[in-house]
Amino acid sequence: MSWSDLAMNGRILIVDDAMENIQILHHALRDEHDVLFALNGEKALQIAHNQLPDLILLDAVMPGMDGYEVCAALRASSAVRDIPVIFVTALTHPEDETRALEAGAVDFISKPFNSAVVRARVRTQLTIKRQADAMRELTLTDVLTGVANRRSFNEAMDNEWRRCARAEQPLAAIMIDIDHFKNYNDAYGHQAGDHCLQQVASAMKRCAGRPPDLLARYGGEEFIILLPAVGLDGAEVVAKRLLEEVRSLNLPHCASSVSDQVTVSLGVAAIQPSDDNDPEALIRAADALLYRAKETGRNRYCIGNGS
Ligand SMILES: Nc1nc2c(ncn2[C@@H]2O[C@H](COP(=O)(O)OP(=O)(O)OP(=O)(O)O)[C@@H](O)[C@H]2O)c(=O)[nH]1
């Protein structure tokens, strides 16, 4: 993607209580972007959460929830906190502009505005937003396999833990380790080892691909899958599929005592998150069960409840 691409084809939400103002902005932006609109603050928040626009153009003065309140509500929600907001308003005092910026807006445009200036400012903010998204993606992704990294996993675990505790739903984790991977590296070389990790990661991704499921690289050749709202029975289904999917890669492993192909061992645990336990309990349980799977022959899963 080039610099200029970063500034185009955004999803822009226009929020204004006057339809004619929306129409003018829509006219200014429609050739470069996908435009959504809302006639009040409540609707704007709903659309922001459901459609995750790249940028919001927000009127300050509206009946009911005004622009400042909308901005504060956006900033208070982690799902939409990073969507940049540009105020577009008939207010012109420096205090109004200051208040908007203090509420979290990234820019402030006074009406009447010039369409070319609005387009240029939207392009600038869109570019910044996309650069920030790309940076964030980099900090959360494992470079070799493209799956989530440990930091990303920790964030997801905290969120899902709280979500499952509130909803009184279970949370399952599967810890996965490639069998005799040191021998694999020694036999085939480190580069082949890297390639093996990539293929095993892709295979595992196919087994746990529903939106709340998360596959992460937990350590060198150790992976973890988090399965929100899944109990032990569901996790066992995923574990069986994982073993099968890795076997069906048919990757030769001449230095394994278990099989002539690459295999994995799994520790499968589930827990009911609450105030009386913590994420570590689930990880510890999955890790102990993985250890047991290794001890009892590898190329298998061991399963149990977290305490
Ligand atoms: N190629 C490659 N190897 C890695 C990477 N990260 C870790 N490893 C290797 O993974 C191996 C892990 O070996 P061990 O933890 O001793 O375990 P193992 O040989 O898999 O044996 P078991 O787990 O007991 O079946 C080490 O040799 C690490 O060097 C990586 O990114 N690329």
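Whatever order the structure lists them in is the order used to number ligands and atoms, beginning at 1. Fair warning: this is a prediction, and the values are worked out from it, not measured in the lab.
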Judged by modelled atom types alone, do Arg30 and His33 share a side-chain donor-acceptor pair under 3.5 Å? no
For residues 80-90, dump all side-chain donor-acceptor pairs below 3.5 Å to protein atoms at least two apart in sequence or in another chain.
| residue | atom | partner | partner atom | Å |
| --- | --- | --- | --- | --- |
| Arg81 | NE | Arg75 | O | 3.0 |
| Thr89 | OG1 | Leu91 | N | 2.9 |

More than 12 heavy atoms from other groups under 6.0 Å of NZ on Lys294: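 Check passes, neighbour count above 12.
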Provide, line by line, the atom pairs where ligand 1 and the protein bring an N/O atom each to a distance under 3.5 Å; else say none.
| residue | atom | partner | partner atom | Å |
| --- | --- | --- | --- | --- |
| ligand 1 | 1 (N) | Asn185 | OD1 | 2.9 |
| ligand 1 | 1 (N) | His190 | O | 3.1 |
| ligand 1 | 1 (N) | Asp194 | N | 3.4 |
| ligand 1 | 1 (N) | Asp194 | OD1 | 3.0 |
| ligand 1 | 3 (N) | Asn185 | ND2 | 2.8 |
| ligand 1 | 19 (O) | Phe181 | N | 3.2 |
| ligand 1 | 19 (O) | Lys182 | N | 2.8 |
| ligand 1 | 20 (O) | Ile178 | O | 3.1 |
| ligand 1 | 20 (O) | Phe181 | N | 2.7 |
| ligand 1 | 20 (O) | Glu221 | OE1 | 3.0 |
| ligand 1 | 23 (O) | Asp177 | OD1 | 2.9 |
| ligand 1 | 23 (O) | Lys294 | NZ | 2.9 |
| ligand 1 | 24 (O) | Arg298 | NH2 | 2.9 |
| ligand 1 | 25 (O) | His180 | N | 2.7 |
| ligand 1 | 25 (O) | Lys294 | NZ | 2.9 |
| ligand 1 | 25 (O) | Arg298 | NE | 2.8 |
| ligand 1 | 31 (O) | Arg217 | NH2 | 2.6 |
| ligand 1 | 32 (N) | Asp194 | OD1 | 2.6 |

Nearest heavy-atom pair of Leu140 and Ser152: which atoms, and what distance?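 Reported closest heavy-atom pair: O-CB, 3.3 Å.
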Which residues pass the ring pair (Phe, Tyr, Trp, His ring centres under 6.0 Å) test with Phe153, sequence neighbours left out?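 Listed in chain order: Tyr218.
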Using distance only, find each side-chain donor-acceptor pair of residues 92-99 under 3.5 Å and give its atom names and separation, not counting sequence neighbours.
| residue | atom | partner | partner atom | Å |
| --- | --- | --- | --- | --- |
| Asp96 | OD2 | His93 | N | 3.2 |
| Thr98 | OG1 | Pro94 | O | 2.7 |

